[in-house]
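Just so we're on the same page: letters track the sequence lines, and every chain starts at 1.
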Amino acid sequence: MTVRTRIAPSPTGDPHVGTAFVALINYCYAKQHGGQFLLRIEDTDRVRSSPAAERAILDALHWLGLHWDEGPDVGGPHGPYRQGERLAFYTRYANELLAGGHAFRCFCTPERLDAVRLEQRQMGKPPGYDGHCLNLGEKEIAANDAAGIPSVVRMKVPREGSVTIDDLLRGPIVFEWRTVDMQVLVKSDGWPTYHLANVVDDHLMQITHVMRGEEWISSAPKHALLYDYLGWKMPQLAHLPLLRNADKSKLSKRKNPTGIRFYQRMGYLPEALVNFLGLLAVPPLEGEEIMDLPTMIGRFNLEHVSVGGPVFDVAKLDWLNGRYLREKLDAHGFEERVRAWTLNEDYLGRIAPLAQSRIERLSDLGPLTSFFFAGRLDVTAAQLREGKLDELALRQAFVMAAALLDALDEWDVPHIEEVIRAIADVLEKKLRDVVRPFYVAITGSAQSVPLFDSMAILGRDLVRERLRVALERLGGVTAAEQEAWKKMIERGRPAGETQA
RNA sequence: GGCGCCAUAGUCUAUCGGUUAGGACGCGGCCCUUUCAAGGCCGAGAGACGGGUUCGAUUCCCGUUGGCGCUACCA
């Protein structure tokens, strides 16, 4: 039986370095055993998924040199490789579970479920579904359906006994069934949840080894039960450690750049990034930390992947990248990388028009546009405070921008402009006054080329980081402020209807 | 609160019962050098705590503490 592994990203938000880490391990394992590595898009969350995000993930992973044998872009014998195109499978197996008495229809309202969980929590009991709809009669179900009451499908879970999950990395893990929730399998919109979809697809795609983040450990019993209900053999499981921020919390973009494209825009080489991630999974030989992909495949050993969550240590990445830059490239190769990075027609072609009307000599170009060729900018709190916004509005503006910009589906000038205008509106300040500190944070100066265009060209990852740095320079924000200010935007008037 | 995972220097790691606990990043010093890097050499720095098991525990077991994850009609 040939080894088949997969990476199954959800196309929401920007491609994450954690995805690259998990992909790398799955890739190495499959290649080492002469097997196949596939990519499947998990887009069952119909509101958050987007084609743009899917494209970005594929591009980012390919950029890193991780290529798959089967996937939405390359096809394969077990397609489609996009869950959004596999609804018929999920419906079929959901019905099978229902017919077999392993799942049931549930008409409970979110409000009731919340109340139940709250009570369970207060009583110190494991939270979960209380079985309210477990024994509904056919007549009752039919009546509810006729009345148009929304419903979901839940899996039945035993209330007694226990189950043992065998993890390739961690050994046996025991769970009491009564602590396992009767998970929703099919949402009221008819789409499956991750739990159903991933079991059905891993089986149908003949996946032999599931290596995924440790955030899935507590769901493993549900998956084991589903394989059991459906009469299928469960793949081998291995739960990989989660990458961490410097403070050991799960790597998050609030505290760190987490986007693969951020590292690309910062000028890290894909080989260096892959090498760095590989170091977290493949212990290097003493004294030599440089490893290319083939070397990692050869040296990979699942049992040697350490389970403690490693801190994403950018300082070490910097050192590694430096070594690649000066040791692995000759003068010509280096020059080519620089061109590919930003000194190319595409990038220059977008910048030049912004500068043309603002310079008197070509030599003005350097100082005017240098921020397009930089990573983080060295701006001071004093520079950020120079405008007319008071300290509170200033910090609120940055927090709101970070949140709204992250939520944007399309990263282009009109959408970016809309966000900044909406902020000025909510804060009841002039656009001119709001925009000024953004000029400083993004371009490094209050006098520069047009802001929205600059942000569009720089890309979301770099913009997010510059805003984060600016906020940090202003003393940062507390979680409470963050919450409150986000609510302000939600309540705020949308950009269109300004005048009251 | 409930359930689970984890625990060697600031960070990434080696060690699979007996080592002066090894390497790498970062940090400090020296050398090289027109500057700065790079490079070379040297140095400081670790087994969370408490019980067991054992002739012997970083290593095996239990507890404590700490960190983390999950606790959704998101993945």
Side-chain angles (χ1 to χ4, degrees), chain A residues 8-13 16 18-19 41-49 53 83 106-110 113-114 117-129 150-154 162 165 167 169-171 173-181 183-198 212-222 239-251 276-291 303-323 325-327:
Chain A
S10 175
T12 56
H16 198 279
T19 305
I41 293 293
E42 309 233 325
D43 55 351
T44 53
D45 184 338
R46 303 313 289 170
V47 294
R48 292 202 308 151
S49 298
Q83 292 186 330
C106 169
F107 295 87
C108 292
T109 63
L113 295 172
D114 284 345
R117 286 191 205 100
L118 187 67
E119 191 188 331
Q120 289 164 332
R121 195 190 172 93
Q122 282 167 349
M123 303 208 312
K125 294 204 290 198
Y129 189 67
S151 70
V152 300
V153 175
R154 288 181 186 276
S162 62
I165 300 297
D167 187 292
L169 246 55
R170 300 159 198 263
I173 304 173
V174 179
F175 293 87
E176 298 290 328
W177 278 124
R178 60 181 188 82
T179 68
V180 178
D181 195 10
Q183 183 66 49
V184 169
L185 297 178
V186 180
K187 302 178 255 185
S188 58
D189 65 1
W191 287 88
T193 56
Y194 169 86
H195 306 281
L196 209 217
N198 108 84
R212 74 233 292 193
E214 75 171 83
E215 74 244 49
W216 295 109
I217 291 179
S218 33
S219 311
K222 297 168 193 169
H239 291 94
L240 307 169
L242 259 20
L243 267 25
R244 309 288 184 89
N245 297 309
D247 65 3
K248 294 278 189 178
S249 57
K250 172 173 154 179
L251 194 65
F276 173 72
L277 292 172
L279 249 20
L280 305 178
V282 184
L285 260 27
E286 298 246 308
E288 188 43 82
E289 320 249 323
I290 296 262
M291 279 189 292
E303 289 166 27
H304 286 178
V305 175
S306 45
V307 287
V311 170
F312 193 91
D313 183 6
V314 186
K316 185 146 185 179
L317 208 210
D318 287 340
W319 167 79
L320 249 190
N321 200 58
R323 286 198 58 183
L325 249 19
R326 67 185 100 89
E327 292 175 25

- prompt: Can you tell me how far C1' in B/G63 sits from the matching atom in B/U53, rounded to whole Å?
  reply: 15 Å
Between CH2 of A/Trp319 and P of B/C27 the distance, given in whole Å, is 13 Å
Rounded to whole Å, the CG-P distance (A/Leu279 to B/A24) equals 13 Å
When both distances are under 3.5 Å in a Watson-Crick or G-U wobble arrangement, the nucleotide paired with B/G45 is none
Under a 3.5 Å limit on both distances, the Watson-Crick or wobble mate of B/U59 is none
Per atom distances to the A/Val307 side chain, the nearest of B/G2, B/C6, B/C5 is B/C6
Shortest non-hydrogen pair, A/Gly309 vs A/Lys248, comes out as O-NZ, 4.4 Å
If pairing means Watson-Crick or G-U wobble with both distances under 3.5 Å, then the partner of B/U35 is none
Interatomic distance, OG1@A/Thr193 vs CD@A/Gln183, rounded to 0.5 Å, equals 5.5 Å
Kindly assign one of parallel, tilted or perpendicular to the pair A/Trp216 and A/Tyr194, based on the angle between their ring planes and the thresholds 30° and 60°. parallel
Between CE of A/Met291 and P of B/A24 the distance, given in whole Å, is 15 Å
Q. Taking NZ, NE, NH1 and NH2 as the nitrogens, is one of them in A/Lys316 or A/Glu289 under 4.0 Å from a carboxylate oxygen of the other?
A. yes
Among the nucleotides B/U13, B/U11, B/C3, whichever has the atom closest to the side chain of A/Val311 is B/U11
Please classify the nucleic acid contact of A/Phe175 as base, sugar-phosphate, or nothing, using heavy-atom distances under 4.0 Å. sugar-phosphate
Could you go through the side-chain contact (heavy atoms from CB on, under 4.5 Å) check for A/Arg212 and A/Asn198 one step at a time? CA-CA 12 Å; A/Arg212 74 233 292 193; A/Asn198 108 84; 4.0 Å; yes
**Prompt:** When rounded to the nearest Å, what value does the distance between P atoms of B/U13 and B/G18 take?
**Reply:** 23 Å
Result for 5'-nearest mapping on RNA chain B, choosing between A/Pro283 and A/Gln122, is A/Gln122
With sugar-phosphate taken as primed atoms, P, OP1 and OP2 and all else as base, the protein-contact string of nucleotides 67-75 of chain B at under 4.0 Å (heavy atoms; B, S, -) is SSSSSSBBB
note: A/Asp167, atom CG; B/C5, atom C1'; distance rounded to Å ~ 9 Å
If pairing means Watson-Crick or G-U wobble with both distances under 3.5 Å, then the partner of B/C16 is none
Across every strand shown, the nucleotide meeting Watson-Crick or G-U wobble geometry with B/A24 (both distances under 3.5 Å) is B/U11
For A/Glu214 and A/Pro241, the nearest pair of non-hydrogen atoms, with its separation, is OE1-CA, 3.5 Å
Separation of B/C27 atom P from A/Lys316 atom NZ, nearest Å, is 14 Å
Expressed as a whole number of Å, how far does the P atom of B/A21 sit from that of B/C25?
22 Å
**Report entry** P spacing across the pair B/A24 / B/G39, given as an integer number of angstrom
**Finding:** 13 Å
* Asked: When we call it a touch if two heavy atoms are under 4.0 Å apart, what does A/Val174 touch: a base, just sugar-phosphate, or nothing?
  -> sugar-phosphate
Taking a pair to mean Watson-Crick or G-U wobble geometry with both distances below 3.5 Å, B/C5 pairs with B/G67
Taken to the nearest whole Å, CD1/A/Ile217 to P/B/C3 is 16 Å
In whole angstrom, give me the gap between the P atoms of B/U59 and B/A48.
8 Å
| Are any non-hydrogen side-chain atoms of A/Arg154 and A/Val184 less than 4.5 angstrom apart? | yes
Mate of B/U53 across any strand shown (Watson-Crick or G-U wobble, both atom pairs under 3.5 Å) is none
Fill in: Pairwise C1' distance, B/G45 and B/A9 [rounded to whole Å]
5 Å
- Item | Gap in Å between the two C1' atoms, one belonging to B/G26 and one to B/U71, rounded | 38 Å
When rounded to whole Å, the CH2 to C1' distance for the pair A/Trp177 and B/G2 reads 17 Å
Rounded to whole Å, CZ of A/Arg212 lies from P of B/C5 at a distance of 15 Å
So NZ of A/Lys187 and CG of A/Asp45: to nearest 0.5 Å the spacing works out to 5.0 Å
Gap in Å between the two P atoms, one belonging to B/C60 and one to B/G66, rounded:
23 Å
Result for 5'-nearest mapping on RNA chain B, choosing between A/Glu289 and A/Leu280, is A/Leu280
A/Glu303, CD: over 12 other non-hydrogen atoms inside 6.0 angstrom = no
